[in-house]
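Naming: A, B, ... by sequence-line order, numbering from 1 per chain. Values below: every heavy atom of this structure, side chains too, minus hydrogens, waters and symmetry copies.
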2 protein chains.
Amino acid sequence: MTKQPRLALGRVQKRNLFAHVVEDLGTRIIKGDLTPDDPFPIEADLGREFGASRSVIREAVKSLAARGLIESKTRTGIRVMPPTHWNLLDPEVLSWRYGAMPPVQFYGELFEIRLMIEPQAAALAAERAQASDIAEIAEAFAEMTKVSPSSTAAIDADLRFHRAILAAGKNALLHQMGHLIAVGLYISHQTSSDSFTVFLPQHGKVLDAIRARDPQAARRTMEKLLNETREFITGHLKNGKRKARNS
Amino acid sequence: MTKQPRLALGRVQKRNLFAHVVEDLGTRIIKGDLTPDDPFPIEADLGREFGASRSVIREAVKSLAARGLIESKTRTGIRVMPPTHWNLLDPEVLSWRYGAMPPVQFYGELFEIRLMIEPQAAALAAERAQASDIAEIAEAFAEMTKVSPSSTAAIDADLRFHRAILAAGKNALLHQMGHLIAVGLYISHQTSSDSFTVFLPQHGKVLDAIRARDPQAARRTMEKLLNETREFITGHLKNGKRKARNS
DNA sequence: GCTTGTCTAATTATATGATAATTGTGGAAC
DNA sequence: GTTCCACAATTATCATATAATTAGACAAGC
């Protein structure tokens with residue numbers, strides 16, 4: 001019964017049977033142990049394997065189906081869907097995938113997207129932010145200057161900063177991308193908590209640009225922040241200097 | 001038993017009890033009929049309301065929980081999550097949301113994101129596309145020139161074109177954004193199938209740029225395509241000239 | 001050969017009725 | 001007022017049964 005490690009963004013909660021089945025099957029699918037071509041075990045067999053009743057198995061299956069990982073039909077049974085069908089932006093799927101891919105590649109993909117989203121989000125924030133939005137960004141930044149760089153509070157403050165900018169963009173879909181960022185920050189801090197202190201001033205510049213209602217500057221400073229962070233972390237990852245991952 | 005209309009991207013399939021409960025509760029939550037503050041009905045009551053067994057209700061709840069709409073805990077019961085927690089990029093959630101928002105606003109949000117993603121995706125495609133990727137894009141474009149502009153085949157070909165470009169960007173997260181585009185195209189065609197013929201040549205220019213391995217041109221042409229489409233459709237939406245939506 | 005219909009068995013879909021585990025709440029005790 | 005505890009409400013899990021669906025095999029007809 002291989003207990004897979006998972007990306008613990010928050011506190012690792014005590015898991016129930018349902019959550020265990022979901023995670024175990026989810027990671028197996030993402031890792032490619034179960035493919036669209038393989039026959040998927042039938043519910044009864046899964047129940048035996050996990051020592052769970054059919055109800056639990058079925059609920060787990062529905063949960064995975066909602067994430068686009070599998071599909072379940074009468075008589076046909078359960079089928080793994082092709083990877084293009086997976087909801088990769090789902091936080092759980094994202095974390096499973098993080099555990100199953102080479103960190104450098106995962107981080108590369110992630111930052112490519114962040115670079116598409118966040119600079120423009122910062123520009124929108126500079127245009128649309130209300131006073132309360134700017135206060136929230138400023139507060140998060142103030143928090144960042146206070147916390148210990150290696151603490152989880154550092155991740156929280158950093159995340160809050162980036163999320164507040166997305167929120168200030170006044171676009172719900174944009175705000176949603178916060179999940180991506182959360183994972184990105186987690187990896188960054190996991191890899192090197194130095195990045196936190198190194199790039200603190202650059203965060204301040206982004207805040208200043210938004211405060212000054214300067215979309216162009218906001219876009220530029222955010223882009224610079226992301227590019228530099230990416231290089232910094234990617235360098236560490238490639239040098240194998242990252243902290244051991246719990247696997 | 002109000003049968004909610006739904007965004008029928010593909011064929012409207014005959015639905016089972018589970019799917020009905022999921023959709024009904026999902027739309028109620030998105031529309032704000034059920035809020036985080038309201039007490040959520042308990043499983044037993046939901047069962048009575050829908051004429052379904054507790055198993056079905058529980059499976060539906062798990063499905064909605066996987067999409068971040070609700071959370072269910074022992075003794076506490078089921079709780080609607082705040083909107084920031086919803087997985088808006090989930091295709092179902094996206095379609096429910098489409099049915100619950102003013103089309104102009106929905107379309108605006110959608111295109112703001114598409115404009116962040118697709119121009120850069122086109123640029124990446126110009127850099128990274130393999131011969132087979134370009135063939136796929138070209139094929140989709142050829143298909144677009146053949147089909148009747150008002151047919152669903154037109155939407156399919158259009159979607160295939162945009163998806164192929166995302167795929168050529170060689171970034172799984174990017175590819176995932178295809179869901180957004182699918183909905184966007186659906187709305188465009190629903191609103192005015194004229195847009196299809198009007199912007200066909202611009203699609204060709206994007207293809208040419210990718211073929212020529214010219215990232216800058218790819219970015220520019222895609223940006224132009226999206227901007228013009230947005231203006232075209234938004235104009236129609238605001239003038240109330242859109243085809244009646246089935247509600 | 002090819003299609004079209006029909007039967008059968010496998011698998012999920014749904015129902016029912018238990019028991020277990022968790023935890024918010026109110027009240028007792030201090 | 002605070003702490004602690006028992007109770008009750010609700011989901012979590014289990015076990016078992018029946019219904020609905022349909023892939024696949026096989027037969028019939030053209």
Indicate the ring-plane relationship of Tyr98(B) and Phe106(B), choosing parallel, tilted or perpendicular according to the 30° and 60° boundaries.
-> tilted

Atom NE2 of His20(A) to atom C1' of dA12(D): distance rounded to whole Å?
-> 16 Å

Does Thr35(A) use its side chain to pair, donor to acceptor, with the backbone of Gly32(A) at less than 3.5 Å?
-> no

Quickly work out the Ile78(A) CD1 to dA10(C) P distance and round it to whole Å.
-> 17 Å

5′-ward residue of the pair Arg54(A)/Ala19(A) relative to DNA chain D = Ala19(A)

Salt bridge present between Asp24(A) and Arg28(A) (N-O < 4.0 angstrom) = yes

To the nearest angstrom, how far is Asn16(A) atom CG from dT13(D) atom C1'?
-> 10 Å

Nearest whole angstrom, please: distance from the P of dC14(D) to the CD of Glu59(A).
-> 10 Å

Check the pair Arg128(A), Asp133(A) against salt bridge (charged side-chain N to carboxylate O under 4.0 Å, His left out), reporting the backbone distance first and the verdict last.
-> CA-CA 9 Å; Arg128(A) 301 175 183 171; Asp133(A) 295 318; over 6 Å; no

In whole angstrom, give the distance that lies between atom CD1 of Ile57(B) and atom C1' of dT11(D).
-> 14 Å

Quick one, which residues of residues 35-48 of chain A touch DNA chain C with a heavy atom under 4.0 Å?
-> Ile42(A), Glu43(A)

Hey, does Arg67(B) have a side-chain heavy atom less than 4.5 Å from the side chain of Val22(B)?
-> yes

Measure the distance from CZ on Arg58(B) to P on dT10(D) and round it to the nearest whole Å.
-> 14 Å

Non-hydrogen side-chain atoms of Ser188(B) and Tyr107(B) separated by less than 4.5 Å | yes

Does Arg160(A) pair with Glu136(A) as a salt bridge, N-O distance under 4.0 Å?
-> yes

Do Val21(B) and Ile57(B) have side chains that get closer than 4.5 Å, going by heavy atoms?
-> yes

Rounded distance in Å - CG (Leu17(A)) to P (dA12(D)) = 12 Å

Tell me, which of residues 62-76 of chain B have any heavy atom that sits under 4.0 Å from an atom in DNA chain D?
-> Lys62(B), Ser72(B), Lys73(B), Thr74(B), Arg75(B)

Over how many whole Å does the gap from Arg79(A) atom CZ to dA23(D) atom C1' extend?
-> 12 Å

Could you tell me whether the side chain of His175(A) reaches within less than 4.5 Å of the side chain of Thr84(B), counting heavy atoms only?
-> yes

Hey, is the side chain of Ser53(A) poking within less than 4.0 Å of OP1 or OP2 on dC14(D), counting only N and O atoms?
-> yes

